Amino acid sequence: MPTFKGHRHSLQCLVPPYMLRNIVEKGTPQERTLALETMSVDSTVRSMRAISAEMQAGGRSTSMVAASNGNQRAIFDVKNKFDLPGTVVRSEGDPPTGDPAVDQAFEALGLIYEFYNEVYRRESLDDDGLPLRAVVHFGERHKNAYWNGEFMLFGDGDGRIFVNYTAAVDVIGHELTHGVIADEARLVYLYQAGALNESIADVFGILVKQYKLKQTADKSDWMIGEGVLGPTVKGTALRSLKEPGTAFDDPLLGKDPQPGHMKDFVQTAQDNGGVHTNSGIPNHAFYLLATKLGGFAWEKAGRIWYETLRDQRIRSTTGFRAWAGRTVVNAGNLYGVHSAEKQAVVEAWNEVGIKVSGS
């Protein structure tokens with residue numbers, strides 16, 4: 001049985017480790033150098049996030065900005081260095097700067113605040129008015145983006161393999177949702193619990209994108225990170241909830257390894273036990289539920305997932321089956337024990353090989 005001790009606050013990052021490892025193994029000398037630097041910085045950010053989380057758990061905040069009512073955004077620029085937090089270049093009430101990274105990040109933070117507030121009546125990530133802050137131009141051609149427990153950190157990408165992190169609202173929604181998960185279920189970032197952590201972030205990331213575009217479930221592409229892969233890459237996005245395993249197939253990055261069914265579950269010690277890989281299974285279950293219910297996915301399917309995230313019976317080590325069971329219960333609580341919504345939840349999980357009962 002895997003142990004979870006000491007892994008509670010592992011780093012959540014945009015680009016999965018398996019992509020970076022493939023670049024190190026197959027890339028040009030310059031590509032390998034940039035990938036290795038990214039992996040090194042990943043480790044440092046992981047430590048920063050762990051310290052931040054432990055201080056907050058102990059009742060001390062590392063935040064430099066007090067909680068407040070309403071949306072409070074601030075964008076910092078570190079000018080291609082790693083020295084946090086950098087200089088404030090745009091804050092609430094300021095006009096656009098003309099720097100696309102700054103202005104895109106600012107608008108995305110506003111959209112994500114609005115999404116959680118309007119749809120789920122949540123006051124920022126911690127439901128207590130946490131100001132949303134982001135750092136842009138993090139590092140020189142840095143290949144990743146992160147939520148470190150206090151800031152969104154955006155590298156600029158290398159312009160060939162990874163680009164436009166600040167333009168992808170689903171990616172930013174994914175990363176900031178890790179803050180919501182840390183405040184509510186506190187799922188450890190390891191094995192099935194870690195894959196659930198990644199999947200829930202993907203779910204609300206795609207819902208943010210659909211909310212922005214006012215898309216119903218049948219109109220969405222269900223792709224996470226569309227536009228993040230650069231012009232040299234053979235692929236559409238980082239992940240697909242509709243068809244896990246089909247987002248990219250590239251000589252350098254490899255083939256999308258995500259399964260969409262438990263029969264293909266990946267047993268591995270890499271990537272914290274496959275958290276970016278096996279998340280494809282609950283991702284696909286959500287896609288199936290949302291398309292069965294139709295309409296705007298954030299209204300019913302998203303509400304079921306959100307209430308389950310806040311469910312007091314969810315533990316930090318909850319796995320797929322236990323999570324699935326609580327989604328069934330919460331669907332019944334929300335829409336009735338004999339409702340079509342509850343039955344759709346049961347069917348969606350069964351279709352990905354996770355057997356749950358509706359009785």
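Fair warning: this is a prediction, and the values are worked out from it, not measured in the lab.
With no hydrogens or angles considered, no side-chain donor-acceptor pair links Ser199 and Trp323 at under 3.5 Å.
A donor-acceptor distance shorter than 3.5 angstrom exists from the side chain of Asn80 to the backbone of Gly139, with no hydrogens or angles considered. In this structure, Asn272 contributes its side chain and Val275 its backbone to no donor-acceptor pair below 3.5 Å.
Looking only at side-chain heavy atoms (C-beta outward), Ile75 and Ser91 stay at 4.5 Å or farther from each other. When side chains are defined from C-beta on, Glu351 counts as touching Lys292, because their heavy atoms get closer than 4.5 Å. Glu92 places a side-chain heavy atom less than 4.5 Å from the side chain of Phe106.
Partner of Val208 under the side-chain contact (heavy atoms from CB on, under 4.5 Å) criterion, out of Ile112, Val171, Val203: Ile112 alone.
In this structure, Trp298 and Phe296 have parallel ring planes: the angle between them is below the 30° cut-off, well short of the 60° mark.
In this structure, Lys300 forms a cation-pi arrangement with Tyr335, its terminal cationic atom sitting closer than 6.0 Å to the ring centre and no more than 45° off the ring axis. With Phe265 as the aromatic partner, Lys263 does not meet the cation-pi criteria of under 6.0 angstrom to the ring centre and within 45 degrees of the ring axis.
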Donor-acceptor pairs under 3.5 angstrom involving side-chain atoms of residues 159-167: please list them, not counting sequence neighbours.
unit_1 : atom_1 : unit_2 : atom_2 : d
Arg160 : NH1    : Glu31  : OE2    : 2.5
Tyr165 : OH     : Lys143 : O      : 2.4
Thr166 : OG1    : Gln104 : OE1    : 2.7

Can you list, pair by pair, the side-chain donor-acceptor contacts under 3.5 Å of residues 244-257, counting residues two or more places apart and other chains?
unit_1 : atom_1 : unit_2 : atom_2 : d
Thr246 : OG1    : Glu243 : O      : 2.6
Asp250 : OD1    : Lys234 : N      : 2.9
Asp250 : OD2    : Leu252 : N      : 2.9
Asp250 : OD2    : Leu253 : N      : 3.0
Lys255 : NZ     : Gly245 : O      : 2.6
Asp256 : OD1    : Gln258 : N      : 3.1
Asp256 : OD2    : Gly245 : N      : 3.2
Asp256 : OD2    : Thr246 : N      : 3.2
Asp256 : OD2    : Ala247 : N      : 3.0

